[in-house]
Amino acid sequence: MKILFISPRYSGGIGGHAAMLADQLQKYGFQIDFVDPPKIPIKNLKNPSFVITSLLSSFFKGSYDIAHAFNVPSAFAMKAARAKKRVLSIHGVFSDQVNALHSSMLGEAAKTAEQNALRWADKLTTDSKITQKTYKEKLGVDFEYLPSPIDTYKLDNISCVEKKDKQVAYVGRDSYEKGIDILRGIESQIKGNVVYCTNLPWEKAMSTLKSSSVLVVPSRMESLPTVVKEAFYLKVPVIAANVGGIPELVTDKTGILVLPEDPASLLSQINSLLEDKEKTKKLTDEAFDFVNKNMTWQFWLPKYVEFYKKLVE
């Protein structure tokens, strides 16, 4: 099967999911080509420039069984592609994210683009059940639930020189929606050392995470963050804000949930867990079992393959 992947980037978030999925499908025997055109490296111009350059790049590609776009800005190129079927994957509700992060004018433009993109796809997929539910209630559209699994083979090869006592890790973008400012605001009161992995190669970020005592995810909005699954597998306990799809992963058995934008509660839970080795072991054992049974490519790749094959039957 020949599939064209379209994404503004192929690292982090939904772009990282696209890269991992492509790698797994290529190992299975599918041919995956990529649309990865240049874009203007300025915050509010990246996506608009990508829409134009990816559309042109996609149009001049060959013919494909499926064009698979990752997030709404990629949908224009998906529509232009010469493909028998079209798939659009969205992690989180796109228009809500734009409204929260940008101006109301951009929010309205995003809402229009989103509604068009949803109509252009033959199939819609998302990685979290809350996003699936929200789109159904908000716009009456059906999304197939296909989460982003973790590559256990790569994680098994992550090196860690030594475990750092009371090291608190943040792994993610330095951006408002990720709540990094919330963690920075309480950093001086944390009874440990906070390390920020905001712009590191994946292997380095995972090595730092593996050496840490806890992962903190203080997000204001999320879909189903891959780093939580990675921490589960690396047996690093997770303290996360109760937003988006996070509670689909983090329960009272697998981690600790706190209210979003509640720095006092976040601080209390971090300092408490840093001192509680027994609770740490109980949480990490449960979390490892959960992710190993439910969120690996061994479990999900056959479901992705079946999804693609059914689509072109």
Side-chain angles (χ1 to χ4, degrees), residues 1-26 28 30 32-35 54 58 64-79 81 83-98 110 113-151 221-226 228-229 244-246 248-249 294-313:
M1 187 177 296
K2 194 176 176 184
I3 305 176
L4 181 66
F5 271 29
I6 309 160
S7 178
R9 57 186 182 137
Y10 295 96
S11 63
I14 195 169
H17 168 52
M20 287 189 289
L21 176 57
D23 183 54
Q24 295 295 323
L25 292 173
Q26 285 169 331
Y28 183 82
F30 285 7
I32 309 296
D33 291 342
F34 299 89
V35 171
S54 65
S58 178
Y64 293 87
D65 295 301
I66 296 169
H68 190 157
F70 294 84
N71 221 345
V72 169
S74 303
F76 297 87
M78 174 194 73
K79 186 174 186 291
K84 297 172 185 175
K85 295 290 181 179
R86 292 169 174 80
V87 177
L88 173 62
S89 295
I90 301 177
H91 291 186
V93 180
F94 179 74
S95 54
D96 288 353
Q97 293 169 340
V98 175
E114 177 184 58
Q115 290 171 350
N116 285 330
L118 297 176
R119 290 197 301 267
W120 296 335
D122 297 291
K123 281 287 185 178
L124 302 165
T125 79
T126 189
D127 68 330
S128 69
K129 293 175 182 176
I130 187 62
T131 300
Q132 182 187 47
K133 181 174 181 286
T134 303
Y135 268 113
K136 182 65 174 177
E137 292 174 349
K138 186 177 177 182
L139 297 174
V141 292
D142 293 311
F143 275 72
E144 187 147 349
Y145 172 65
L146 287 171
S148 176
I150 54 169
D151 191 328
M221 56 182 67
E222 279 289 357
S223 189
L224 203 73
T226 298
V228 170
K229 303 167 215 169
I246 287 178
E248 296 171 31
L249 299 172
N294 299 287
M295 287 290 165
T296 66
W297 282 109
Q298 294 95 308
F299 181 81
W300 279 102
L301 181 58
K303 298 180 188 300
Y304 272 96
V305 170
E306 182 184 12
F307 168 78
Y308 288 121
K309 286 183 175 179
K310 276 189 174 180
L311 187 58
V312 294
E313 281 179 354

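Considering CG of Leu224 and OG1 of Thr126, their distance stands at 8.5 Å, rounded to 0.5 Å. If you take OG1 on Thr125 and NE2 on His68, they are separated by 4.5 Å, rounding to the nearest 0.5 Å.
For residues 294-311, every residue pair satisfying the salt bridge (Lys or Arg N to Asp or Glu O under 4.0 Å) rule, not counting sequence neighbours, is listed here: Glu306-Lys310.
Remark: of the listed residues Ser89, Pro8, Ser54, Pro8 is the sole one forming a side chain to side chain contact (heavy atoms under 4.5 Å, CB included) with Ser74. Put simply, the residue from Ile6, Leu88, Ile90 that forms a side chain to side chain contact (heavy atoms under 4.5 Å, CB included) with Asn71 is Ile90.
The existence of a salt bridge linking Asp65 and Lys85 is excluded, since no basic side-chain nitrogen approaches an acidic carboxylate oxygen closer than 4.0 Å.
Surrounding NZ of Lys138 are more than 12 heavy atoms belonging to other residues, nucleotides or ligands, all under 6.0 Å away.
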Lys79 vs Asn116, test: side chain to side chain contact (heavy atoms under 4.5 Å, CB included). Steps then yes/no.
CA-CA 10 Å; Lys79 186 174 186 291; Asn116 285 330; over 6 Å; no

Apply side chain to side chain contact (heavy atoms under 4.5 Å, CB included) to residues Leu25 and Met1 and explain how you reach the verdict.
CA-CA 10 Å; Leu25 292 173; Met1 187 177 296; over 6 Å; no

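Relative orientation of the Phe143 and Tyr135 rings is parallel, given thresholds of 30° and 60° on the angle between their planes.
By the 4.5 Å heavy-atom criterion applied to side chains, Asp33 and Lys2 are counted as neighbours. In this structure, Trp300 and Asn294 have side chains that are not in contact, with every pair of non-hydrogen atoms separated by 4.5 Å or more.
A cation-pi arrangement is present between Lys129 and Tyr145 under the rule of less than 6.0 angstrom and at most 45 degrees off the ring axis.
Nearest heavy atom pair, residue Phe5 against residue Tyr10, reads O-OH, 3.1 Å.
Looking at Asp127 and Ser148, their side chains never bring a donor and an acceptor atom within 3.5 Å of each other.
Residues that satisfy the ring pair (Phe, Tyr, Trp, His ring centres under 6.0 Å) test with Tyr64, not counting sequence neighbours, are absent from this structure.
A donor-acceptor pair under 3.5 Å is formed between the side chain of Arg86 and the backbone N or O of Met78.
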